[in-house]
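Sequence lines set the chain letters: A, B, ... in the order given, protein chains first and strands last, and positions in each chain run from 1.
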2 protein chains.
Amino acid sequence: MTETDPTQIKGFDRARQAASRALTEDYVEMISDLAAEFGEARITDLAARLGVAHPTATKAVARLKREGLAISRPYRGVFLTEKGEALAETVRARHRVVVALLCAVGVPKEVAELDAEGIEHHVSSRTLAAFEAYLTRKTD
Amino acid sequence: MTETDPTQIKGFDRARQAASRALTEDYVEMISDLAAEFGEARITDLAARLGVAHPTATKAVARLKREGLAISRPYRGVFLTEKGEALAETVRARHRVVVALLCAVGVPKEVAELDAEGIEHHVSSRTLAAFEAYLTRKTD
DNA sequence: CGCGAAATGTAGCCTCGGCTATAAATTTGG
DNA sequence: CCAAATTTATAGCCGAGGCTACATTTCGCG
Ligand SMILES: [Mn+2]
Ligand SMILES: [Mn+2]
Ligand SMILES: [Mn+2]
Ligand SMILES: [Mn+2]
């Protein structure tokens, strides 16, 4: 083979890293949502909303705790740490921008909401900034 | 908990399915690229371009063969089946549209290329259609 | 030709993120 | 206040997708 384009490798690598962060991001955002609604996030509710079996949610929460994003005691609710809350806020904001951008270029709202759930995790900060600038331009 | 929004669950489910298809899509596209350049795709080249160790590429190719997307004989190159070629074409086209859309809303080209590698796998046919329509409108 | 280098295959390890089945704790209501 | 229902925990299975180490085959070249 000739040379290997480093940009291309970087793209695949970034996509792999984003995929591995996606679960964390969705759980943290959901825990934050549930906390706002009910004051705490229960494992059962997390599992129901994410569409997984509850042991799957339990495992995910264990990982969040390992990473210092959440805390919990046995048979009690799950709560975000400050670090977790900060991540949730970032993720929530990005989710909204992605949906808005999709809608702005003509994607039906319902479809935008579905696709955004996956797309959001691959939107870098620079792309996010471009989306925001575009939305601002378009609105004003 | 109160009710559980089925649309939201569907979004997470779609994102999970897309993530599991992503690897297949990238490999098939890359095999097609290498075939165009060199007449065949070698495991070493696949691994180098995707940024993984060669046993990882070998495993992935084994899966493609299982799924009827590629064929190969020991110590020889990998080739796509008709089904594989068709998928490669679809994936390549979508990749281009995603990059073009990102550029059109103001994302720098280099960044667009990086982010598209992950985003593309989460763009549904309806969103793709909207992107194409937007690009057509903007160009004309 | 034949030998060393390069490519490919294979074995086996790891983590992650699904799942089911079963056990234990907690909550609820009669 | 106790029994049943609900919730949570735990054990253990699976496949995917990474990796390293090592074996084997093919290739290139003197
Ligand atoms: Mn998401
Ligand atoms: Mn989201
Ligand atoms: Mn890709
Ligand atoms: Mn691609």
Side-chain angles (χ1 to χ4, degrees), chain A residues 1-2 4 9-28 30-31 34 38-67 69-79 117-118 121, chain B residues 1-2 4 9-28 30-31 34 38-67 69-79 117-118 121:
Chain A
M1 202 175 56
T2 47
T4 294
I9 293 183
K10 206 170 155 199
F12 292 122
D13 200 62
R14 285 243 312 238
R16 281 191 291 264
Q17 289 178 277
S20 87
R21 271 194 314 265
L23 254 290
T24 294
E25 295 182 347
D26 285 337
Y27 271 90
V28 162
M30 186 58 77
I31 291 170
L34 289 168
F38 307 114
E40 65 176 354
R42 308 296 311 213
I43 288 286
T44 296
D45 298 341
L46 268 175
R49 293 230 183 159
L50 290 163
V52 297
H54 64 269
T56 301
T58 302
K59 268 194 193 177
V61 168
R63 190 155 50 76
L64 297 186
K65 290 168 77 172
R66 243 187 293 143
E67 291 168 1
L69 295 167
I71 53 172
S72 76
R73 297 195 340 271
Y75 295 97
R76 288 293 178 261
V78 181
F79 300 89
E117 204 51 74
H121 309 286
Chain B
M1 201 176 56
T2 48
T4 294
I9 294 182
K10 207 171 155 197
F12 292 121
D13 200 61
R14 285 245 309 239
R16 281 190 292 263
Q17 288 179 277
S20 86
R21 271 194 314 266
L23 254 289
T24 294
E25 294 181 348
D26 285 338
Y27 271 89
V28 163
M30 187 58 76
I31 291 169
L34 289 168
F38 307 112
E40 65 176 352
R42 309 295 313 212
I43 288 286
T44 296
D45 298 341
L46 269 175
R49 292 229 182 161
L50 291 164
V52 298
H54 68 267
T56 301
T58 301
K59 268 195 193 177
V61 168
R63 191 157 48 77
L64 297 186
K65 291 169 76 172
R66 244 187 291 144
E67 291 168 1
L69 294 167
I71 55 173
S72 75
R73 295 191 344 271
Y75 295 96
R76 287 293 179 264
V78 181
F79 300 89
E117 203 52 74
H121 309 286

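- Residue B:Arg66 places at least one side-chain N or O under 4.0 Å from the OP1 or OP2 atom of D:dA16.
- Remark: B:Arg63 engages B:Glu67 in a salt bridge (charged side-chain N to carboxylate O under 4.0 Å, His left out) (not counting sequence neighbours).
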Are there any protein N/O atoms within less than 3.5 Å of an N/O atom in nucleotides 19-22 of chain D, and if so, which ones and at what distance?
from: D:dC19; atom 1: OP2; to: B:Ala53; atom 2: N; distance (Å): 2.7
from: D:dC19; atom 1: OP2; to: B:Thr56; atom 2: OG1; distance (Å): 2.8

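- Comparing A:Ser72 and B:Ala19 by the nucleotide of DNA chain D whose heavy atom lies nearest to each, the residue mapping closer to the 5' end is A:Ser72.
- In terms of heavy atoms, A:His121 sits closest to A:Ala18 at O-CB, 3.2 Å.
- In this structure, B:Lys65 places its NZ atom 13 Å from P of C:dT8, rounding to the nearest Å.
- Taking side-chain N and O atoms only, A:Arg63 has a distance below 4.0 Å to OP1 or OP2 of C:dG17.
- At C:dC16, none of the side-chain N or O atoms of A:Ser20 fall inside 4.0 Å of OP1 or OP2 (strictly under the cut-off).
- Here the OG1-CG distance, from B:Thr58 to B:Leu46, works out to 9.0 Å after rounding to the nearest 0.5 Å.
- For the OP1/OP2 pair of D:dT10 and a distance below 4.0 Å, the side-chain nitrogens and oxygens of A:Thr58 include no atom meeting the criterion.
- An OP1 or OP2 oxygen of D:dG17 is reached within less than 4.0 angstrom by no side-chain nitrogen or oxygen of A:Arg16.
- Annotation for A:Ser72 and A:Gly77: closest pair CB-O, 3.4 Å, computed over non-hydrogen atoms.
- Shortest non-hydrogen contact noted between B:Val52 and B:Ala57 is CG2-N, 4.2 Å.
- Look at CD1 on A:Ile43: it is 15 Å from C1' on C:dG18, rounded to the nearest Å.
- Of the residues near DNA chain C, A:Pro74 and A:Thr24, the one whose nearest nucleotide (by heavy atom distance) lies more toward the 5' end is A:Thr24.
- Using a cut-off of 4.0 Å between Lys/Arg side-chain N and Asp/Glu carboxylate O, A:Arg16 and A:Asp13 are scored as salt-bridged.
- Checking the phosphate oxygens (OP1, OP2) of D:dC27, a side-chain nitrogen or oxygen of B:Arg76 falls inside 4.0 Å.
- Applying side chain to side chain contact (heavy atoms under 4.5 Å, CB included) to B:Leu64 and the options B:Val78, B:Ile71, B:Leu23, B:Val28 leaves one that passes, B:Val28.
- As a whole-Å value, the separation of B:Tyr27 OH from D:dG17 P is 9 Å.
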